[in-house]
Number of protein chains: 2
Amino acid sequence: MSATACPAETYRSPKRAAVLDAAGKLFLDNGYAAVSMDAVARQAGVSKATLYAYFTSKEALFAAVVANRCTAMAETLELAAVHDAPLDLALRRLGRHLLDFFLAPQVVTMFRIALGEGTRFPDLARAYYAAGPLAGRDRVTAWMEEEKRRFRLRADADPRLAAEHFISMLRGTVLLRGALGIPPTPSEAELDAAAAAAAEVIRRAYGAESGAEPATR
Amino acid sequence: MSATACPAETYRSPKRAAVLDAAGKLFLDNGYAAVSMDAVARQAGVSKATLYAYFTSKEALFAAVVANRCTAMAETLELAAVHDAPLDLALRRLGRHLLDFFLAPQVVTMFRIALGEGTRFPDLARAYYAAGPLAGRDRVTAWMEEEKRRFRLRADADPRLAAEHFISMLRGTVLLRGALGIPPTPSEAELDAAAAAAAEVIRRAYGAESGAEPATR
DNA sequence: GTCTATATTGGGATAGAC
DNA sequence: GTCTATCCCAATATAGAC
């Protein structure tokens with residue numbers, strides 16, 4: 001995002017950080033159009049003129065916020081060592097982990113905003129896609145590659161495709177309603193069931209053992 | 001959507017239809033916030049006052065447009081008789097059909113708008129969800145049920161789940177980039193490949209024949 | 001750099017004539 | 001029902017003092 005370029009000296013200013021924080025909170029709560037620069041200034045405890053001293057326009061501020069939050073959230077997604085379990089169980093744990101991540105309010109809102117404003121701000125859409133979904137998919141792909149190295153996926157399985165399919169099934173099952181803000185919020189049991197269902201499909205389609213029921217059931 | 005209630009006599013007025021058409025085009029091209037009531041009036045060839053005579057507010061007009069377009073588009077999705085082919089081939093055809101539908105500009109834009117504005121207009125989000133994704137899923141579920149009735153799905157397969165997983169995999173693979181407006185547009189070959197990949201996963205996970213390669217390959 | 005105060009525009013909604 | 005003309009407010013951006 002080129003708009004975030006900034007003199008190195010003012011970059012770490014506490015006021016700048018305050019503005020970025022305040023703007024992030026407001027944008028992620030209310031969307032782009034609904035937030036005025038007055039509100040940002042008030043929330044940050046600075047004047048509007050100061051705000052414009054750090055960010056040349058509302059759009060530039062928005063872009064900075066998105067870049068900031070995306071990388072911060074991506075670091076939340078820890079896939080660590082969940083390889084030490086039978087494939088089916090490991091997939092279920094990973095799936096549940098991913099689901100919780102997708103449904104986190106900040107992640108949902110970022111998704112909504114990126115889609116809603118993506119047309120008007122192409123830079124924003126690209127930055128979001130690269131820092132968000134693409135980075136996430138790459139991490140799950142790496143996980144699948146490790147599984148394949150352990151001969152737990154079929155020899156002809158495509159790890160990237162397996163990752164995409166797994167993520168997509170997780171997203172689709174519960175996320176659309178969540179992203180649209182349609183109640184009710186899915187229960188723990190529903191989330192577990194969604195993760196288990198997606199895990200079973202992946203195991204059947206990509207797992208090394210032919211098509212039999214898994215040991216962990 | 002309660003806001004569309006209207007005296008029966010004025011409902012079919014040509015001016016009303018002109019307004020609805022113009023507003024639909026503008027909203028779907030530019031999103032909600034970027035379209036002014038002036039622009040709608042100009043595009044429709046009526047005055048603003050006339051516009052307000054038919055729709056009490058910008059929001060009411062928007063809700064009417066969404067309801068209108070959603071049902072119109074849903075009728076586009078014809079799943080007709082694609083049962084007369086081996087499961088794998090039938091799934092590939094159905095998948096490609098669904099992908100084309102999902103990627104149609106109007107469908108993409110409606111998706112984006114519903115997500116972007118869904119928080120501020122909960123009625124809109126619900127109307128979209130019911131008339132769009134939910135209706136679509138139900139139709140694919142019916143298709144899966146028919147396949148199961150023909151013993152082409154496993155006896156313990158859940159048609160609704162199979163439909164959700166199929167749709168989700170199709171959506172995920174290419175749609176996110178499309179919805180974000182990130183080039184390049186996927187090629188015909190990529191779309192075919194995406195449909196084939198999702199079809200194979202479904203066949204392996206839900207198909208009646210154990211896990212063997214299909215006859216049509 | 002930071003503030004207060006203000007210029008300016010754009011757009012949602014309405015009044016009143018016909 | 002339809003138009004023209006207008007009100008009015010909100011919000012982006014800036015001018016000028018300290």
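Below, read A as the first sequence line, B as the second, and so on, with proteins coming before strands; counting in each chain starts at 1. Just so we're clear, the structure is a prediction, and the values are computed from it rather than from any experiment.
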Checklist entry - What are the two closest heavy atoms between A/Tyr52 and A/Ser57, and how far apart are they? => result CE2-CA, 4.2 Å
Checklist entry - Does B/Arg171 come within less than 4.0 Å of B/Glu164, counting only side-chain N to carboxylate O? => result no
Next on the checklist: Base, sugar-phosphate or nothing for B/Ala53? Non-hydrogen atoms, less than 4.0 Å.
Outcome noted: nothing
Checklist entry - Is the distance from OP1 or OP2 of D/dT2 to the nearest side-chain N or O of B/Tyr54 less than 4.0 Å? => result yes
Next on the checklist: Does anything in residues 33-48 of chain B come within less than 4.0 Å of DNA chain C? Heavy atoms only, and list the residues if so.
Outcome noted: B/Val35, B/Ser36, B/Met37, B/Lys48
Item to check | Salt-bridge criterion met for B/Lys148 and B/Glu145 (N-O under 4.0 Å) | outcome: no
Checklist entry - Between B/Lys25 and B/Asp21, is there a side-chain N and carboxylate O pair less than 4.0 Å apart? => result no
Next on the checklist: Atom CZ of residue position A/Arg93 - does it have more than 12 heavy atoms of other residues, nucleotides or ligands inside 6.0 Å?
Outcome noted: no
Checklist entry - Nearest-Å distance, OH (B/Tyr52) to P (D/dA5)? => result 19 Å
Item to check | Nearest-angstrom distance from the residue atom CZ of A/Phe55 to P of D/dT14 | outcome: 16 Å
Checklist entry - Under 6.0 Å from the six-membered ring centre of B/Phe27 and within 45° of its axis: does the NZ or CZ of B/Lys58 meet both? => result no
Checklist outcome for this item: Whole-Å distance, A/Lys58 NZ to D/dT12 P, equals 5 Å
